[in-house]
Every structure is written in C-alpha cells, then in structure tokens.
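The structure appears right after this line, and notes come after that.
Per chain, numbering begins at 1; letters A, B, ... match sequence-line order.
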Protein chains: 2
Amino acid sequence: MPKPSSTSIASQDYLEQIFHLIALKGYARSVDIAANLGVSQASVSAMLKRLGADGLVVYEKYRGVILTPKGSDLAQHIIRRHEVLTRLLRHFGLDEETIYRDVEGMEHHISAQTLKAFTLLANELDQNPALCRTLKRKVRGK
Amino acid sequence: MPKPSSTSIASQDYLEQIFHLIALKGYARSVDIAANLGVSQASVSAMLKRLGADGLVVYEKYRGVILTPKGSDLAQHIIRRHEVLTRLLRHFGLDEETIYRDVEGMEHHISAQTLKAFTLLANELDQNPALCRTLKRKVRGK
DNA sequence: TTACAATCTTAGTCTTGTCTAAGTTTTTGG
DNA sequence: CCAAAAACTTAGACAAGACTAAGATTGTAA
C-alpha cells in the first residue's frame with residue numbers, strides 16, 4: 001500500500017502550531033510547540049519525525065524544523081479554517097474560552113463545502129447586525 | 001483516581017447507534033451496530049464491555065445490550081445534537097453525503113453553548129427563506 | 001433433535017499518540 | 001572556554017480502538 005499520508009488530527013494541530021510559531025518568531029522550537037499544545041517534548045520529537053516522513057516538514061535532530069511547501073500550504077488551509085470558525089462563533093456572543101475549545105475540536109472535521117458555507121454565513125452576519133443582536137440576546141439566557 | 005468515565009468520541013458513536021437501533025427495532029444486535037458503524041463485530045464486543053464498565057449499558061454476553069437511564073440520557077443528548085447540526089447544514093444546500101460526514105466529525109465537539117447558538121440560528125434560517133436562498137446560491141458555485 | 005448458519009466472544013496483534021525517565025546536544029553566562 | 005542550564009532525543013511503557021483468526025454460543029430448519 002502506498003502509505004496514506006493520513007494527516008491525522010494530531011498532525012494538523014502540530015502543523016498549525018509550527019506555522020504560528022514560525023510566523024511569530026521566525027522559528028519553531030520543540031519546547032514552544034510542546035507548551036502550546038500541552039504535550040511533552042518527547043511527544044513533539046516523535047511527531048516531528050512523523051511529519052518529516054510525510055513530507056510536511058524538514059526536520060534535523062537538534063537543529064530545528066521548517067515547513068515544506070506542502071506542509072506550509074496545508075498549515076495555511078488549517079489556519080484559515082480555524083479563523084473562519086472562530087469568526088463565525090464570535091457572532092453568537094459565546095465566551096472566548098468556549099469558542100476556543102469548540103473550534104479546536106470541530107476544525108478538523110469541516111469539509112471544503114461546509115467551510116465555504118460558514119464563510120458566507122459569517123460574512124452575512126457581518127452585514128446584518130440586527131440578526132446578530134437577536135441571536136446574542138437569545139443565546140445568553142433569554 | 002476515580003476513573004474518568006471519559007465517554008470518548010468512539011463511545012458516543014456506539015451509544016448513538018445503540019439508541020437508534022433500539023428505537024427502530026426494539027433491540028440492538030452486535031452485528032447491526034458493527035455494520036452501521038463500519039467496524040468489526042470484535043470491536044463491538046470490546047466496546048460494549050467498556051460501555052458496561054462505564055455504567056452506560058447493561059450488557060450480558062451473548063444475550064444483548066440495553067441502555068441504562070444514564071446511557072439513554074446521554075444518547076438522547078448526542079442524537080439531539082446530531083440532528084440540530086444536520087438541520088443547520090441543510091440550510092446551505094450542501095449535498096447529503098458531505099453533511100453526513102461533517103456532522104459525524106463535528107458533533108462530538110459542540111458545547112452546550114454552541115449547540116444553543118446553532119439551534120437558534122437554524123430556527124432563524126427557517127424563518128428567513130430569503131437569506132437561505134442567498135446562501136445556497138452563493139455556496140454552490142457563484 | 002440434530003446439524004448448519006448466524007451471531008458473538010476471545011486471543012493476539014497493530015497503530016497512533018501519549019507519558020516518564022534517562023541520556024545527549026546545544027546554548028549561555030561567567 | 002567551560003560548566004551549568006536549557007533544549008532535545010531515545011527507550012520503554014501504556015491506553016484506546018481497530019483488525020483477523022479461531023472458537024463458543026444461539027437460533028433455526030429439516
């Protein structure tokens with residue numbers, strides 16, 4: 001079998017963090033990835049090896065990690081999806097903690113089609129403050 | 001430690017199926033659970049043991065499975081969430097296959113708060129066919 | 001009632017992703 | 001420039017959840 005290159009949920013979380021860190025600081029250290037994802041450095045080491053094997057990062061022991069073009073594209077897609085989802089949920093007046101947790105969970109299961117629908121819906125809500133107000137009022141309590 | 005009773009994602013999928021089958025036929029056989037979830041009967045056996053240990057089902061070898069009140073409540077919550085999510089996605093004119101897959105993935109990550117928001121949003125869309133039409137048009141193609 | 005089919009369980013293995021503990025490499029401060 | 005700290009890796013274990021193959025139980029039809 002030709003190796004699935006699964007890009008599992010966990011892989012996506014790591015990729016997302018790596019991209020963020022590189023964007024933010026110019027490099028992605030294991031210790032920061034570990035801290036941001038709440039896992040041990042040992043887990044990061046193991047995952048970087050897997051991501052390397054999948055051609056998503058270039059990884060040299062003790063020397064750091066960079067994204068391949070393929071990894072970078074994928075990371076950007078993942079991050080865009082994350083942002084759209086966050087933007088959508090913010091329209092309902094949920095607390096940030098909840099939004100973060102739900103987005104973290106949901107983001108890996110959104111198809112391109114649904115992403116498009118959510119994007120359009122978020123745009124629609126941007127231009128319809130009246131509807132937003134109604135929703136927010138109803139969501140919190142009564 | 002007092003045993004987490006995690007109610008993992010997989011557990012929820014099984015619970016959902018068990019509830020469905022009981023509602024539909026009066027009983028839930030391993031062979032049907034396996035077929036509906038696309039897993040082996042061996043996996044079903046293993047999971048029923050776990051669900052039994054978590055107090056969600058009463059399970060006797062070779063004799064079938066029933067839901068405890070706790071399991072039934074949980075299953076109903078899971079199913080309600082599944083239905084709300086499906087109802088919401090249908091408003092965008094996505095194809096049923098996509099809706100099903102996305103709901104399957106997302107449903108386990110929706111908090112009570114977000115569920116409420118999605119419910120209200122679906123209601124809102126029910127009463128706003130113009131908005132639905134606009135969204136559907138934009139989602140498919142242009 | 002007996003034999004076959006269907007269903008179910010067990011045993012054993014695999015994969016993914018996690019952890020801790022221990023050891024290595026790199027960085028840094030004096 | 002070198003010792004201590006920080007960062008990193010390896011080794012080994014574990015848990016959940018899946019699989020196949022083989023064996024046990026139950027249901028059914030003749």
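- In this structure, His109(A) has its ring center no closer than 6.0 Å to that of His108(B).
- Note on Arg63(B): a side-chain N or O is less than 4.0 Å away from OP1 or OP2 of dG27(D).
- The residues Asp32(B) and Arg29(B) are annotated as salt-bridged, a charged nitrogen and a carboxylate oxygen being separated by less than 4.0 angstrom.
- Close to dA18(D), at under 4.0 Å from its OP1 or OP2, lies a side-chain N or O of Tyr14(B).
- Computed from coordinates, the Glu60(B) CD to dT7(C) C1' distance equals 17 Å when rounded to whole Å.
- For the pair Tyr59(A) OH and dT9(D) C1', the computed distance is 7 Å after rounding to whole Å.
- Judged by distance alone, with hydrogens and angles left aside, the side-chain atoms of Ser111(A) form no donor-acceptor pair with the main-chain N or O of Thr98(B) at under 3.5 Å.
- Residue-to-nucleotide proximity on DNA chain C shows that, of Arg29(B) and Ala42(B), the 5′-proximal contact is made by Arg29(B).
- Phosphate contact (OP1/OP2 of dT10(C), side-chain N/O of Ser45(B), threshold under 4.0 Å): absent.
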Problem set entry | Test side chain to side chain contact (heavy atoms under 4.5 Å, CB included) applied to Arg137(A) and Thr134(A), step by step | CA-CA 5 Å; Arg137(A) 184 170 40 76; Thr134(A) 307; 3.6 Å; yes

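- Between Ser30(A) and dA7(D), a side-chain N or O to OP1/OP2 separation shorter than 4.0 Å is absent.
- Neither OP1 nor OP2 of dT20(D) sits under 4.0 Å from any side-chain N or O of Ser40(B).
- Residue Gly64(A) is classed as having no contact, given no heavy-atom separation below 4.0 Å to the nucleic acid.
- Of the candidates dT7(C), dT9(D), dG17(D), dT7(C) carries the atom nearest the Val31(B) side chain, counting heavy atoms from C-beta on.
- Separating the CD1 atom of Ile9(A) from the P atom of dT18(C) is a distance of 11 Å, rounded to the nearest angstrom.
- Between the CZ atom of Arg50(B) and the C1' atom of dA15(D) there is a distance of 10 Å, given to the nearest Å.
- For dA7(D), the OP1/OP2 oxygens have no side-chain nitrogen or oxygen of Lys61(A) closer than 4.0 Å.
- Minimum atom distance to the side chain of Val39(B) is reached by dA18(D), of the listed dT25(C), dC8(C), dA18(D).
- dT16(C) atom C1' lies 15 Å from atom CD of Gln12(A), rounded to whole Å.
- Atoms CG (Leu48(A)) and C1' (dT10(D)) sit 14 Å apart, rounded to a whole Å.
- Spacing between atom CE of Met47(A) and atom P of dC8(D) amounts to 17 Å, rounded to whole angstrom units.
- The phosphate of dC19(C) (OP1 or OP2) has a side-chain N or O of Ser43(A) nearer than 4.0 angstrom.
- Summarising the geometry, the separation between CD on Gln41(A) and C1' on dC19(C) is reported as 13 Å, rounded to the nearest angstrom.
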For this session: Go through the steps for Asp126(B) and Arg87(B) under the test salt bridge (Lys or Arg N to Asp or Glu O under 4.0 Å), then give the verdict.
Result: CA-CA 10 Å; Asp126(B) 275 340; Arg87(B) 188 157 75 88; 2.7 Å; yes

